[in-house]
Amino acid sequence: MLCIYDILSLFIFILFCVQYKANISRFFYIGVFALLFVMCFKAPTTGEGLGDLQEYVNLYLGKNSMYDSEDVEPGLSWVCRLLHIFPKSEFLFISVTALIIMYPILYGISKYSQNKLYSLMLLLTLTGVWLVVYIAMRQALAQAFLLTAILIYFNRENITRWKIYISLLIVLSTFFHSTPYILIPLIIAAFFIPEKKKWLYIAMVVSLLLSSAVSQLLANTFFKYFGNYGEIDRITNYIGEETYGMDTGFNLLNYGPLTLLASTMVYYIDITHKNAFFVKAFVLGIVLYNLLGNIPLVNRAVCFFFILGAIGAVPKINTQKKFLVMSVMILYFIWRNNVHYMAAPHSAFLPYHFIWE
């Protein structure tokens, strides 16, 4: 059985296969249209098992919402007030927020990715990415402004001229969610990671092998030094819940495929000055996920680095061997996601409803 997200992934995979043979550049825009259609035309009742989207819409419409609390960051309220200059519409709110979230990601892919359709598939399949950009609206908006700042930095002609805008975007991101407080120092750290591939391989493999042994120790250290941040407070609240509790599964099996995919991407990609940061940030995300993935919601925190990887760490797929290897890997992740969608009654993605239903 396939849900709409599996169909979307397979549709983009077919475009990817045809493009490899025919080299039709406009297929990327067809894939973008399909992805945005699914995001912009979803009804508020989509993922009603958790109800987050409906609560965001209720906040915009002025109805009772769990996000009326003063503990919620003010950024989303600002967006709601800005949209109130137009006639209130559920479709307007859902589509505008989706476009704000996706524009910097899609722009980054169009500028830096060496295989744009493969980047789109990674957005749908990498752990945590689709959850954040599709459901976790406040965090996704915060990451959108943070990503915009990064893209401006790399596209700058005069840093003195643009640094005020970069600073404002970084500050603005913190008004939507607390995650940027964790991401910003990690982003800075990514610049100092060695670019030599052997060190990137070693970091990923060692983090994977040590994952099960030291994850609990790192989790305790993580809470000790970052426990005052609001995001971490929320994570601790999830620890004892059945849905989000600590994952005690065998980490090598849980995280091995993602490490293998990342290692293959690093092996195939030609690391240049243009994409070096994106590759290193992607590897940093893999290492953090391997070591801290047992902590609930860490996939949401590190998925920003997976997005950076989807933007600039995808290799050029120009040989049959690369095509076959990368195809098998993405099909595995599409299959794994399908198993998750079908097996999780609490899924934040299902059921999917169109806005007109």
Are [X] and [Y] in one and the same hydrophobic cluster, where Ile, Leu, Val, Met, Phe, Trp and Tyr link if side-chain heavy atoms are under 4.5 Å apart?
X: Leu147; Y: Phe191; answer: yes
X: Phe33; Y: Ile30; answer: yes
X: Val328; Y: Val339; answer: no
X: Val283; Y: Phe192; answer: yes

Would Phe333 and Thr127 satisfy side-chain contact (heavy atoms from CB on, under 4.5 Å), going step by step from the backbone distance to the final call? CA-CA 9 Å; Phe333 280 94; Thr127 301; 5.5 Å; no

Using only heavy-atom distances, determine whether the side chains of Ser207 and Asn290 contain a donor-acceptor pair under 3.5 Å.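 Yes.
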
Could you tell me whether the side chain of Tyr60 and the main chain of Ser89 form a donor-acceptor pair under 3.5 Å? yes

Do Asn275 side-chain atoms and Phe278 backbone N/O form a donor-acceptor pair below 3.5 Å?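 No, the answer is negative, given that no donor and acceptor are paired below the 3.5 Å cut-off.
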
Distance (rounded to the nearest 0.5 Å) between [X] [atom1] and [Y] [atom2]:
X: Leu141; Y: His177; atom1: CG; atom2: NE2; result: 10.5 Å
X: Ile14; Y: Phe27; atom1: CD1; atom2: CZ; result: 10.5 Å
X: Tyr112; Y: Ile311; atom1: OH; atom2: CD1; result: 9.5 Å

Determine whether more than 12 heavy atoms belonging to other residues, nucleotides or ligands lie under 6.0 Å from atom NZ of Lys63.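 It does not: Lys63 NZ has 12 such atoms or fewer within range.
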
Taking the side chain as C-beta and beyond, is there a heavy-atom pair between [X] and [Y] under 4.5 Å?
X: Lys322; Y: Pro315; value: no
X: Asn155; Y: Tyr107; value: yes
X: Leu61; Y: Glu90; value: yes
X: Ile187; Y: Phe305; value: yes
X: Asp270; Y: Lys316; value: no
X: Cys17; Y: Phe323; value: yes
X: His353; Y: Lys42; value: no
X: Trp78; Y: Leu82; value: no

Of [options], which is the lone residue that meets side-chain contact (heavy atoms from CB on, under 4.5 Å) with [X]?
X: Ile307; options: Val132, Val129, Leu126; result: Val129
X: Met326; options: Met121, Lys321, Met265; result: Met265
X: Val325; options: Thr264, Leu261, Thr319, Ile330; result: Thr264

Exercise: identify the closest heavy-atom pair between [X] and [Y]:
X: Ala149; Y: Ile170; answer: CB-CG1, 3.9 Å
X: Tyr20; Y: Asn318; answer: CE1-C, 4.4 Å
X: Phe306; Y: Gly285; answer: CE2-C, 3.5 Å
X: Ala34; Y: Phe11; answer: CB-CE2, 3.8 Å
X: Glu73; Y: Thr174; answer: CG-O, 4.4 Å
X: Leu2; Y: Ile7; answer: CB-CG1, 4.2 Å

Using the rule given for side-chain contact (heavy atoms from CB on, under 4.5 Å), can you reason through Leu208 versus Ile286, listing the C-alpha separation, both sets of side-chain angles and the distance that settles it, and then say yes or no? CA-CA 9 Å; Leu208 178 63; Ile286 297 294; over 6 Å; no

Any chance you could lay out the ring-ring contact (aromatic ring centres under 6.0 Å, His included) test for Tyr56 and Phe93, step after step, and finish with the verdict? CA-CA 9 Å; Tyr56 288 130; Phe93 176 76; 7.5 Å; no

Using the ring of each side chain (for Trp, its six-membered ring), is Tyr5 parallel, tilted or perpendicular to Trp130, with breaks at 30° and 60°?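 Geometry flag for Trp130 against Tyr5: perpendicular rings.
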
Return the orientation label for the Trp356 and Phe354 ring planes: parallel under 30°, perpendicular over 60°, tilted otherwise. parallel

For a side-chain contact (heavy atoms from CB on, under 4.5 Å) check, start with the C-alpha distance between Val133 and Leu123, then their side-chain angles and the critical distance, and finish with the verdict. CA-CA 9 Å; Val133 300; Leu123 293 180; over 6 Å; no

Just do the side-chain contact (heavy atoms from CB on, under 4.5 Å) check on Val302 and Leu186 with the steps written out, would you? CA-CA 10 Å; Val302 303; Leu186 293 174; over 6 Å; no

